[in-house]
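Data block below; observations after.
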Amino acid sequence: MSPGDFLGDSHEVARALIGAMLVVDGVGGRIVETEAYDREDPASHSFSGPTPRNEAMFGPPGRAYVYRSYGIHWCLNFVCREEGHGAGVLIRAIEPLLGLDVMRERRGLEDVRLLCSGPGRVGQALGITRELNGKRLDQSPFQVLSAAGPFPIAMGPRIGISKAMEVHWRFGLQGSPFLSRRFA
DNA sequence: CGAACGATTAGCT
DNA sequence: GCTAATCGTTCGA
């Protein structure tokens, strides 16, 4: 995919990314779960404007926004809309397809279902670190291929937030066994 | 400068 | 289902 594919609203991009292929340095798979975040969104890191942490969200679309979650996990987002806006899509789960052995090594697990079924797990399995923050998604080490679709899409409230619970900006590949959680 | 709080996960009951 | 782990970010004094 190219930067031009990330110009839509975050919820549109989040939905379109279901089924897309995400590979980082040869390791990755099919995106099966995403969440959208936007500037006018109390649950978003960008809600209160630019800060040192969320700087990448206000940068050019089609780049990575990486943040540390709970002081433990690295989570990967795709920046979207337009430069300066502050929107992004959190990659919550992928179906592991490439580099399974590397993922197992990094995760310390065998069960393929547990390798990438959650944003923190995706970060660990794909080797996401702060060094990738702000990096272009159409250049090494990233490879993002558009979804072949159409796919049956499930949607519902985002997970782990305390604000804007009424907004249904969590998207998933219906019936996938690799989701972080089932949809209601 | 102190303190509260996470866009989470693993492990135990 | 419940909670500890763990620490950077953000905000108020």
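Letters go in sequence order (proteins before strands), and every chain restarts at 1. Every value quoted in this text rests on a predicted model; they were computed, and no experiment measured them.
Across all strands shown, A/Arg130 has heavy atoms under 4.0 Å from sugar-phosphate atoms exclusively, and none from any base. Among the atoms of the strands shown, only primed sugar atoms or phosphate atoms (P, OP1, OP2) are found under 4.0 Å from some heavy atom of A/Ile161.
Environment of CD in A/Glu12: crowded, with over 12 heavy atoms of neighbouring residues, nucleotides or ligands closer than 6.0 Å. Annotation for A/Gln139: atom CD counts as buried by contact number, over 12 foreign heavy atoms lying within 6.0 Å.
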- A/Val167 and A/Asp41: side-chain contact (heavy atoms from CB on, under 4.5 Å), yes or no, with the steps? CA-CA 9 Å; A/Val167 179; A/Asp41 171 9; 5.7 Å; no
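Applying salt bridge (Lys or Arg N to Asp or Glu O under 4.0 Å) to A/Glu33 and the options A/Arg158, A/Arg92, A/Arg15 leaves one that passes, A/Arg92. Looking at A/Leu98, A/Leu97, A/Leu100, A/Val102 one by one, the single match for side-chain contact (heavy atoms from CB on, under 4.5 Å) with A/Val27 turns out to be A/Val102.
Taking atom NE2 of residue A/His73 and atom P of nucleotide C/dC7, one finds them 12 Å apart after rounding to whole Å. A/Gln124 has its CD atom 15 Å from the C1' atom of C/dT6, to the nearest Å. One interatomic measurement links the two molecules: CH2 of A/Trp74 to C1' of C/dC7, which rounds to 11 Å at whole-angstrom precision.
Interatomic distance, A/Leu76 CG to A/Leu90 CG, rounded to the nearest 0.5 Å: 8.0 Å. Taken from CE in A/Met155 to CZ in A/Phe171, the straight-line distance is 4.5 Å, to the nearest 0.5 Å. Atom OG in A/Ser146 sits 4.0 Å away from atom CE in A/Met1 (nearest 0.5 Å). Once rounded to the nearest 0.5 Å, the distance linking CD of A/Glu40 with NE2 of A/His85 reads 6.5 Å. For the atom pair A/Asp38 CG and A/Ser10 OG, the distance stands at 4.5 Å (nearest 0.5 Å). Annotation: the span from A/Ile153 atom CD1 to A/Thr34 atom OG1 amounts to 8.0 Å, rounded to 0.5 Å.
Going from the P atom of B/dG2 to that of C/dT6 covers 22 Å, rounded to whole Å. Rounded to a whole angstrom, the distance from the C1' atom of B/dC5 to that of C/dT3 is 16 Å.
In DNA chain B, runs of at least 3 consecutive Watson-Crick or G-U pairs, each pair with both distances below 3.5 Å, span B:1-6 with C:7-12, B:8-12 with C:1-5.
There is a path of hydrophobic side-chain contacts, each under 4.5 Å, that joins A/Tyr37 to A/Phe58.
Contacts with DNA chain C (heavy atom under 4.0 Å) in residues 96-120 of chain A: none are found. Contacts between residues 173-181 of chain A and DNA chain C, defined by a heavy-atom separation under 4.0 Å, are absent. Listed in residue order, the members of residues 44-71 of chain A having a heavy atom less than 4.0 Å from DNA chain C are A/Ser48, A/Thr51, A/Pro52, A/Arg53, A/Tyr70, A/Gly71.
Neither side chain, A/Arg106 nor A/Gln124, offers a donor N or O lying under 3.5 Å from an acceptor on the other.
Contact between A/Met103 and A/Leu126 at its shortest, heavy atoms only, is CE-CD1, 4.1 Å.
The stretch residues 56-77 of chain A participates, sequence neighbours left out, in these side chain to side chain donor-acceptor pair (under 3.5 Å) pairs: A/His45-A/Tyr65.
Contact check on A/Asp111 versus A/Arg113 returns no salt bridge, with no Lys/Arg side-chain nitrogen under 4.0 Å from an Asp/Glu carboxylate oxygen.
Along DNA chain B, read 5' to 3', the first and last nucleotides having any atom under 4.0 Å from a heavy atom of chain A are B/dG6 to B/dA10.
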